[in-house]
Amino acid sequence: AQTVTQSQPEMSVQEAETVTLSCTYDTSESDYYLFWYKQPPSRQMILVIRQEAYKQQNATENRFSVNFQKAAKSFSLKISDSQLGDAAMYFCAYRRRHFGNEKLTFGTGTRLTIIP
Amino acid sequence: EPEVTQTPSHQVTQMGQEVILHCVPISNHLYFYWYRQILGQKVEFLVSFYNNEISEKSEIFDDQFSVERPDGSNFTLKIRSTKLEDSAMYFCASRGTGVNTEAFFGQGTRLTVV
């Protein structure tokens with residue numbers, strides 16, 4: 001079974017600074033996707049960024065980028081130029097890359113606070 | 001932009017009562033999911049659904065739970081006899097059938113069992 005671990009229950013960062021959220025996972029699969037979802041106080045799950053395991057290049061999406069280390073099974077999220085609107089719970093998630101109805105497996109989340 | 005719609009946003013029910021949570025997935029999506037998030041905890045998979053049948057279900061999804069796609073647009077989660085521990089946020093998600101497609105989540109239904 002796949003597991004996703006987020007070891008930082010809470011993080012805080014000064015506005016405009018950079019913060020990195022950690023995620024590790026365990027799987028026996030070689031082909032999969034990794035995701036970061038943001039959950040603001042409204043509680044909706046919003047996709048921030050995704051990484052395909054077969055791609056060596058780290059995904060970037062504006063101020064959000066990942067550091068994907070496949071051998072170490074590590075997938076961290078870097079938020080640059082942090083903004084007040086970035087305050088949320090952030091969940092790391094895994095999905096097997098397979099033709100089928102594959103589910104997401106989530107980590108326990110990191111609550112990010114932005115200090116003005 | 002297409003979105004997954006869930007109703008109601010908040011449901012309060014008495015223990016032992018049946019509840020039905022409603023979801024309208026994105027129209028051309030064929031993979032459907034229900035997830036649950038107990039307050040302050042992680043998001044847990046409940047069930048996946050495709051082609052009018054359950055693809056996979058978790059240990060949480062016991063005989064008290066059922067899912068249905070009654071009319072080709074709605075996707076419902078029924079809890080037959082609610083317990084206090086069923087109080088949680090329930091998220092519906094849908095996805096296209098391509099291997100590279102993303103799951104889109106609804107805004108959730110907060111279920112409170114009293």
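Each chain gets a letter, A, B and so on, in the order its sequence line appears, and its residues count up from 1. The basis for the numbers below is simple: all heavy atoms, side chains too, and nothing from hydrogens, waters or symmetry mates.
- For the atom pair B:F104 CZ and A:Q44 CD, the distance stands at 11.0 Å (nearest 0.5 Å).
- Note: B:R95 leads B:E56, B:M89, B:Q41, B:R95 in heavy-atom pairs under 4.5 Å with chain A.
- For B:Q37, the parts lying near chain A are the backbone and the side chain together; criterion is any non-hydrogen pair under 4.5 Å.
- The two residues B:L39 and A:R43 have their closest heavy-atom pair at CD1-NH1, 3.5 Å.
- Counting non-hydrogen atoms of neighbouring residues, nucleotides and ligands closer than 6.0 angstrom, the CG atom of B:D63 reaches no more than 12 such neighbours.
- Applying the ring-ring contact (aromatic ring centres under 6.0 Å, His included) test between B:Y35 and each of A:Y37, A:F91, A:F106 identifies A:F106 as the sole match.
- Residues B:I79 and B:F61 share a hydrophobic cluster, clusters being chains of Ile/Leu/Val/Met/Phe/Trp/Tyr side chains in contact below 4.5 Å.
- No continuous path of hydrophobic side-chain contacts links B:L111 to B:V4 [ILVMFWY only; heavy atoms under 4.5 Å].
- Heavy atoms of other residues, nucleotides or ligands lying less than 6.0 angstrom from NZ of A:K73 number more than 12.
- For chain B, the nearby part of A:R95 is the side chain; its heavy atoms alone come within less than 4.5 Å.
- Of the two parts of B:S55, only the side chain, counted from C-beta on, holds a non-hydrogen atom closer than 4.5 Å to a non-hydrogen atom of chain A.
- Enclosure of atom NZ in A:K70 by more than 12 non-hydrogen atoms of other residues, nucleotides or ligands within 6.0 angstrom is indicated.
- Interface residue A:L47: only side-chain heavy atoms are found under 4.5 Å from chain B.
- Put simply, A:V66 and A:I79 are part of the same group of oily side chains (I, L, V, M, F, W, Y) that touch within less than 4.5 Å, one to the next.
- Between A:E102 and B:Y33, the shortest heavy-atom contact is O-OH, 3.1 Å.
- For A:Q6, no part sits under 4.5 Å from any heavy atom of chain B, backbone or side chain.
- In this structure, the portions of B:Y50 lying under 4.5 Å from any heavy atom of chain A include both its backbone and its side chain.
- Residue B:E44 qualifies as enclosed at atom CD: its count of foreign heavy atoms under 6.0 Å is above 12.
- Connection of B:V67 to B:I26 is not established within any shared hydrophobic cluster, with ILVMFWY side chains joined at heavy-atom distances below 4.5 Å, either directly or through further cluster members.
- Both B:F32 and B:I54 belong to a single network of hydrophobic side chains, linked directly or stepwise wherever heavy atoms of I, L, V, M, F, W or Y lie under 4.5 Å apart.
- Atom CD in A:Q39 sits 4.5 Å away from atom CZ in B:F91 (nearest 0.5 Å).
- One distance of note links CD of B:E102 with CG of A:L104; it measures 9.5 Å at 0.5 Å rounding.
- Checking side-chain atoms of A:N101 against main-chain N and O of B:Y31 turns up no donor-acceptor pair under 3.5 Å.
- In B:E85, the CD atom is crowded: over 12 heavy atoms of neighbouring residues, nucleotides or ligands sit closer than 6.0 Å.
- With chain B as partner, the option from A:M45, A:R97, A:R50 having the largest number of non-hydrogen pairs under 4.5 angstrom is A:R50.
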